[in-house]
Amino acid sequence: MRQPTFALLSLLFLASSLTTAAPHDTATSPYAAGTYATTHNPSLRPWRRLSDAIIRRLWRLPDSQKSLAREDAQDGGNALVDKLVAQYSENVVLRFRIRTAEEARALAHAADVLFLDVWEFNHDWADLRLNKDRLSSLMAMLPKSLQASHEPLLQDFHLTQAIFNTYPSPHSTHPDDNYRFSPNIQHTHNTAKGHPFFQDYQPLSVIDPWMNLMSSMFTTHVRRINIGISYEGRDIPALRVGVHPTNNQQPSKPRKTVVITGGLHAREWISTSTVNYLAWSLINGYGKHREMTRLLEDFDFVFVPTLNPDGYVYSWETDRLWRKNRQPTSRRFCFGLDLDRSYPYKWDGESSYPCSESFPGDAPFQGVEAARFAEWAKNETENNNVEIVGFLDLHSYSQQILYPYSYSCDEEPPSIEDLEELALGLAKAIRVSRTGQTYKVTSACEGNVAFANQEKYFLPRIESSGGSALDFFYHELKVRYSYQIKLRDTGSYGFLLPKENIMPTGEEMLDALLYFGRFMLGEVGMAKEERPLRASKPARDDDDSGVDWNCEDCETEAIEL
């Protein structure tokens, strides 16, 4: 975009009243301040207006809906700005503090009835996005204790600005870069260091040729593959990175493979960028970085940055906050299935409605991309002499490392001790890395947890979690080390993580991935006591670090991109 356009955007979005604090700092409940203003949102979809009328009739709610909106935005003179203002200026993201089972059930029921967009739920809180026209409807369905126990995270033009900032641009739209960072995210200066590919989030039209370029430039250890075809006919591209042995005199054992995925939910752009960062780091590190070279000799890594290509493209071109794929459903105005609820193991879709953000389909594997991914993985293990030993499914947000099972806490996985041990090691690798972020480790089943007298007890989940890729790979495909990792942040920006965090997030996950590899080789953890360590190889001519990579407490060598 041209410089005058950015000046205009600055006047539109960045008035002093909007930049005095990060969005989450507005902690006082806006409802108590008497700032409601009756509005009508003509941009609502027809099915949404119809459902509003039905809900108001069934629940005997008032016809007039109240809003927290500021004055209407002025014409920004830019197509993207106009589009974002029209779509999201009437949206708000609220964090509810949940302390009782009654509150959790009430919020879950309201979210289901009103078709609210559940962003995340974790411990004693839940983040929901809704149109302000639905605020009074939501409050009428909640107990009084919950009505007074919430705060806005993103609202008014903070949300629109956060969305705008995730799109690529040649210059910053705000003179103060610290505006994009909340206190719980360490500021990392965006310098010239690093590949320009990771200075911005990238659309599929850029990612796909970039993957082709990687496979053509690094033919010794990179191969572009296709996982399957999406509902709309797009490839689900992947990079297989690894160095296969050339000794044909010995029978070939199954090639141990680690699968790393992102983009299962379309709007989680940081997951896609992080998968690409990990791929590039290993590709570029081969022959230069001792530990990466060794890992690529012992394992194949399959990187799938966009498991949901149709939804990803739609999130770029039409709706930045789109979650599902783009399949039609039995309801004319409701598109898309939640691919992370489409897998057959403990599939739960009996009471779901097609307009729900977590709609799993009418039957297991109805989600085309989920079915194709599972077929590919089964074919690899059954016909292509592959043993999948690790599965890392990257998501956002909340900074958690989750292990099976997701569907329920009533059953523990057989290898619970190993799963917890490795997960704790991954979290420590991130914590002591260059970025120093804290990731919590827990079972994926826990969802909302409340604490009383230093003890925790489970609350009813806000959303169902049956049919997850995590459980399917662990239970059905027997992948011993399966994890879902939720990346930055913890709610200040949610799915709209500022792009300055792309490389820091990639760096902390690279440190975790290197620890994962050392664990698989038996060099750290309990397995270290069961098998002798390899003798350290002498440093290569182009590696003068002198680091013994068998040392458990050694810091990871920084890679120069």
Side-chain angles (χ1 to χ4, degrees), residues 1-26 30 35-49 52 65-94 115-117 119 127-135 152-176 179-180 200-201 203 266-267 269 313-323 333 357 492-499:
M1 281 183 277
R2 297 176 181 177
Q3 190 65 30
T5 301
F6 282 94
L8 187 58
L9 293 179
S10 299
L11 292 175
L12 175 64
F13 289 114
L14 306 173
S16 60
S17 60
L18 297 179
T19 59
T20 54
H24 86 292
D25 292 336
T26 310
T35 56
Y36 279 27
T38 302
T39 63
H40 172 66
N41 185 6
S43 64
L44 286 178
R45 297 172 183 173
W47 72 265
R48 178 58 64 84
R49 291 199 294 268
D52 282 347
Q65 301 295 308
K66 297 184 178 181
S67 170
L68 298 175
R70 299 176 185 266
E71 295 180 357
D72 292 340
Q74 299 177 0
D75 183 7
N78 179 277
L80 175 59
V81 174
D82 292 342
K83 176 182 175 181
L84 297 181
V85 170
Q87 281 186 293
Y88 307 109
S89 63
E90 290 297 312
N91 283 196
V92 61
V93 180
L94 300 178
F115 307 123
L116 303 184
D117 183 4
W119 273 29
D127 296 346
L128 281 74
R129 179 177 69 101
L130 66 155
N131 194 283
K132 296 170 188 175
D133 285 347
R134 295 201 158 196
L135 282 171
L153 296 180
L154 291 166
Q155 63 172 326
D156 298 326
F157 294 109
H158 285 304
L159 177 60
T160 309
Q161 178 70 63
I163 291 173
F164 178 79
N165 287 344
T166 60
Y167 288 95
S169 58
H171 305 289
S172 172
T173 60
H174 192 275
D176 182 8
Y179 171 75
R180 299 187 180 189
D200 281 306
Y201 294 110
R267 61 192 175 190
W269 290 3
V313 170
Y314 192 80
S315 72
W316 275 84
E317 296 179 352
T318 306
D319 183 353
R320 172 63 181 88
L321 296 177
W322 185 259
R323 168 185 170 95
F333 299 109
E357 292 288 347
S492 296
Y493 294 93
F495 303 121
L496 306 173
L497 190 68
K499 51 196 173 187

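Among all heavy-atom pairs drawn from Ala266 and Ser315, the shortest one is O-OG, 3.7 Å. Across every non-hydrogen atom of Glu357 and Arg323, the tightest pair is O-NE, 3.0 Å. Among all heavy-atom pairs drawn from Ile163 and Arg320, the shortest one is CG2-CG, 3.6 Å. Residues Asp319 and Gln87 come closest through the heavy atom pair CA-NE2, 4.0 Å. Across all non-hydrogen atoms, the minimal contact from Ala162 to Leu496 is CB-CD1, 3.9 Å.
The backbone N or O of Tyr167 lies less than 3.5 Å from a partner atom in the side chain of Lys499, making a donor-acceptor pair. The closest donor-acceptor contact from the side chain of Arg129 to the backbone of Val93 lies at 3.5 Å or more, if one exists at all. Judged by distance alone, with hydrogens and angles left aside, the side-chain atoms of Ser89 form no donor-acceptor pair with the main-chain N or O of Ala86 at under 3.5 Å.
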*Evaluate side-chain contact (heavy atoms from CB on, under 4.5 Å) for Leu130 paired with Asn91, printing each intermediate quantity in order.*
CA-CA 6 Å; Leu130 66 155; Asn91 283 196; over 6 Å; no
_Using the rule given for side-chain contact (heavy atoms from CB on, under 4.5 Å), can you reason through Leu94 versus Leu135, listing the C-alpha separation, both sets of side-chain angles and the distance that settles it, and then say yes or no?_
CA-CA 10 Å; Leu94 300 178; Leu135 282 171; 3.8 Å; yes
*Can you list the steps and then say if Asp117 with Leu128 is a side-chain contact (heavy atoms from CB on, under 4.5 Å)?*
CA-CA 6 Å; Asp117 183 4; Leu128 281 74; over 6 Å; no
*Derivation of the side-chain contact (heavy atoms from CB on, under 4.5 Å) call for Val92 and Leu159*: CA-CA 7 Å; Val92 61; Leu159 177 60; over 6 Å; no
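Here the side chains of Tyr88 and Leu154 are not in contact, with every heavy-atom distance at 4.5 Å or above. Inter-residue side-chain proximity for Trp269 and Trp316 is flagged as met; some heavy-atom pair is nearer than 4.5 Å. For the pair Val85/Phe157, a side-chain contact is recorded, criterion being any heavy-atom separation below 4.5 Å from C-beta on.
The distance from atom CG of Asn165 to atom CG of Leu497, rounded to the nearest 0.5 Å, is 11.5 Å. Atoms CD and CG, from Gln161 and Leu84 in turn, are 9.5 Å apart once rounded to the nearest 0.5 Å.
Classification of the Tyr314-Trp322 ring pair by plane angle, with boundaries at 30° and 60°, yields perpendicular.
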